[in-house]
Structures are given as C-alpha cells and as structure tokens.
Number of protein chains: 2
Amino acid sequence: MPRLTTDTRAQAQRVAAELFATRGYEQTSLSEIAGRLGISKAALYYHFRSKGDLLRSLVEPFVTDIEALSADLPAEPRATLEAFFDLCYRHRAILLGIVRDVAVLNELKIVDWIIAWRTRIDVALAGPTTADRVRAVVALGGLQDTLILFADDPELATTIRAEAVDAALRALGVPPA
Amino acid sequence: MPRLTTDTRAQAQRVAAELFATRGYEQTSLSEIAGRLGISKAALYYHFRSKGDLLRSLVEPFVTDIEALSADLPAEPRATLEAFFDLCYRHRAILLGIVRDVAVLNELKIVDWIIAWRTRIDVALAGPTTADRVRAVVALGGLQDTLILFADDPELATTIRAEAVDAALRALGVPPA
DNA sequence: GTCTATACGTTGATAGAC
DNA sequence: GTCTATCAACGTATAGAC
C-alpha cells in the first residue's frame, strides 16, 4: 500500500514553508499551521521542540547545499553563477521565506555564517578588493533578485535563468569567452 | 533660543526608523520606542494614531520621491541608474527597514503600487519583453543590494556608487557610449 | 502632552488525559 | 500522536487624571 502523505511532520514542514514564504516567519503563527493541517497547536509540539526548530528544519538542507557548493566552486565564473542560481532555485521556497522576513536570520544565528559564505563566493568570482566585491554583489544580488521577482514565472528555470546569468556575467565585468 | 530636538514626534520617528532598520517593523514594539524616548507607550498614541501610522509617516517621503522620479525619468540609462541609486541612498534608513521585513509592504498596502512603479522604470531602462525585464531586474536589483550590503561603508555614496552603477549598466547590456 | 491603569487579543509553550 | 486546558508574556490600543 503506497503511503502518500501520512507523515504529519513532513506535511507540517510543507505547510510551514508555504506560509513562511507568503507571510514571513514572525507573521505566521503555529495556530495557523496547525489549523491548515487540521490538528491542534499542541500536536505540532510533538514533532518540533519549538517554532524556531521548525524553521531550522526547513533551512538546514539549504545550508548543507551551500556548504557543498562553496567547498567546491567551479573554475569558470559562468558555471559558478549557474550553480548559484540552480541552488537558490532548488530552495526557492525557503529562500522566499527568508527574503520575506530577513530578521529570522538573527533568530537562526547564522548571520555571520552567511556573510562568510557570501564573501568566499564574491572573492572567488571577482577578487578581493572593495571594487571587486561591489561587482560581485551586483552580479549575485541581481541574480538572486531574479529568483524572487519571477518566482511564479514558469520559464524561471529556463529562459529567465539564461538571460539572468548573462546579465550577471556582464555585471561582473568578465571578458566574454 | 535654538530648538534642538524638542519635537517628540520627530524624535519618535528618528528612533522608530532606527529600530525598524535593525530589527524590522514587526519585531519592534511600541514599548521599546517609548522606552528609548523616556516616555510612555500611551504618549506615543498622542502623536500617531497607530503603529501602522507611524510606519506610514516614515515611508511617505520615500514614496513621494519615487513618484517624482518615475514621472520624470532621465533619458540616459546611466543617469536613470544614478538617480535610482541616489534616491535609495537618501532614504536608506527606511529602505533597510523595509528590506528587513518585507511583510510590512502588505500592511502598507502599497505592493501593487511598488510593482507598477518598478515595471515603469524597468521598461524605460531595458524594454518591454520578458528578456528585457530580466536584465533590468539584475541591474536595479543588484544596484539596490549594494546599498544594503555596504550600508555602513563610508564610501557608499562615492566609490561604491560609481562601481555599482558601472556594473548595473553592463548588466543592462547597453553599449558603452 | 504625558501619565497610569487597564482592557483585550494573540502568541509560543507546557501539563496531563486519552 | 493528538487532544483540551491553561499559562505567562507581550502586543496594540483606549480611558481618564493631571
């Protein structure tokens, strides 16, 4: 017998991710999540120690993937930008949630970690000086904004990806191959 | 006799802008604002009808300036990008607050307005097709990210501005003059 | 203009029955 | 695993004295 969605924990994560993405973390109450699942708030506490714990369980796969990427960055700038785009695309649900309520990064206490990670990619992409970093910020930041502003566009992973990577590459100031 | 900071209302706005920028809107309580001012929570309600009203009073000048710019856009892409940067720079305090907690845009009920305004600038800068808009998003988004990530850098308005505008211009794909 | 006091809702979280 | 019941803490907002 195939089990479809029997796992309450996984369902709660799905619903939470969706609500966080639209309302933001703080604006989403556990009552609301429980309500959608048709269970009580207290039942949620059987599956998650706290609200922050639920959030952490969503962000964790994202963090793991980022670690993997930044530990093994491609040599070519274009490949790096594509890998970055694809990674953010895969985790676009939780990415939207974070963008919607950046303050959660404080709660997660991973702000320093994020800065370190971004800096590593920035330097690898553009170089160590401030001017280099500015170019990297425009490129990566712009690329990421694409994922947010075209979040609902069905062509996000194809047409838009290609055009966005091209634009980011130009922003970087890398001579065309 | 010179009046320095006698106006409680203005002081409240100053403190609120600062707290919103660091904690985000929802995370900032009126008690905290009142506490910093050395007055009571209730006293705040003399100056502002509600918490949302206080927020609106901060965002209003930003909105006004954006209206002015988008009603009279420069002809040259570079000038447009510079004007956009300078506008965001002038209002960087409240901009940071919004970024910190994008959900406030729902509260302000200006989401549709923002989308319309961004679209207008995007089209003027790059053109009407989706591909055009992607380039514009990378350019403007990247530019704006610069203001956030280098918010504390003293060279933001000078060196960084120049480098960022150049990068955004390249992202746009405009042939160098 | 600012205060104290208070009303009233909602939140995250816990205890204990089933 | 899920429930009901309950908690303390904090939120916005109001009433009325000074």
Side-chain angles (χ1 to χ4, degrees), chain A residues 1 3-59 97-98 100-109, chain B residues 1 3-59 97-98 100-109:
Chain A
M1 235 198 287
R3 304 189 117 231
L4 288 179
T5 47
T6 349
D7 191 351
T8 306
R9 186 187 155 95
Q11 268 183 290
Q13 288 175 317
R14 212 201 65 237
V15 170
E18 189 189 322
L19 287 175
F20 290 170
T22 53
R23 299 205 198 331
Y25 172 74
E26 295 290 343
Q27 292 280 26
T28 304
S29 69
L30 293 177
S31 321
E32 207 170 353
I33 297 172
R36 286 234 188 164
L37 289 170
I39 64 176
S40 74
K41 213 170 36 169
L44 272 179
Y45 277 89
Y46 172 82
H47 298 282
F48 304 95
R49 271 237 195 84
S50 67
K51 192 187 177 188
D53 227 58
L54 170 54
L55 174 64
R56 256 178 296 272
S57 82
L58 293 174
V59 176
I98 293 175
R100 218 34 100 165
D101 185 358
V102 181
V104 301
L105 297 180
N106 289 329
E107 158 116 24
L108 292 173
K109 286 167 188 156
Chain B
M1 235 198 284
R3 303 188 118 230
L4 289 179
T5 48
T6 349
D7 191 351
T8 305
R9 186 188 156 93
Q11 267 184 290
Q13 288 176 317
R14 214 200 63 239
V15 169
E18 190 188 321
L19 287 175
F20 290 170
T22 55
R23 298 207 201 328
Y25 172 73
E26 293 290 342
Q27 292 280 26
T28 304
S29 70
L30 293 177
S31 320
E32 208 170 354
I33 298 172
R36 285 234 188 162
L37 289 171
I39 65 176
S40 75
K41 220 170 25 172
L44 273 179
Y45 277 89
Y46 172 80
H47 297 283
F48 304 96
R49 270 239 196 85
S50 68
K51 191 187 177 187
D53 227 59
L54 170 53
L55 174 65
R56 255 179 294 274
S57 82
L58 293 174
V59 176
I98 292 175
R100 229 12 110 177
D101 185 358
V102 180
V104 302
L105 297 180
N106 288 330
E107 158 114 24
L108 292 173
K109 287 166 186 159

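Each chain gets a letter, A, B and so on, in the order its sequence line appears, and its residues count up from 1.
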Take Val59(B) and Val104(B), measure what side-chain contact (heavy atoms from CB on, under 4.5 Å) needs, and give me the verdict at the end. CA-CA 11 Å; Val59(B) 176; Val104(B) 302; over 6 Å; no
Residues 40-51 of chain A vs salt bridge (Lys or Arg N to Asp or Glu O under 4.0 Å), sequence neighbours excluded, gives none
Using whole Å, report how far CD1 of Ile39(A) lies from C1' of dT4(D). 14 Å
Could I get the full list of side-chain hydrogen bond (donor to acceptor under 3.5 Å, both in side chains) partners for Ser57(A), not counting sequence neighbours? Gln13(A)
Less than 4.0 angstrom between a side-chain N/O of Tyr46(B) and OP1 or OP2 of dG1(C), yes or no? yes
Arg9(B) (side chain) donor-acceptor with His47(B) (main chain) under 3.5 angstrom: yes
Would you indicate whether the side-chain heavy atoms of Asp101(B) and Val102(A) approach each other to under 4.5 Å? no
Ser40(A) vs dT4(D): side-chain N/O to OP1/OP2 distance below 4.0 Å: no
Among pairs that include at least one residue of residues 18-27 of chain A, which meet side chain to side chain donor-acceptor pair (under 3.5 Å), considering only residues two or more places apart or in two chains? Glu18(A)-Arg36(A), Arg23(A)-Glu32(A), Glu26(A)-Gln27(B), Gln27(A)-Glu26(B)
Along nucleotides 11-18 of chain D, 5' to 3', which nucleotides get a B, which get an S, and which get a -, given that the test is a protein heavy-atom distance under 4.0 Å? SBBBB---
Over the length of the helix from dG1(C)-dC18(D) to dC18(C)-dG1(D), how much do the five-pair end axes diverge, rounded to 10 degrees? 0°
Side chain to side chain, Tyr45(B) and Leu30(B), heavy atoms closer than 4.5 Å: yes
According to side chain to side chain contact (heavy atoms under 4.5 Å, CB included), who are the partners of Ala34(B), at least two apart in sequence or on a separate chain? Ile39(B), Leu44(B)
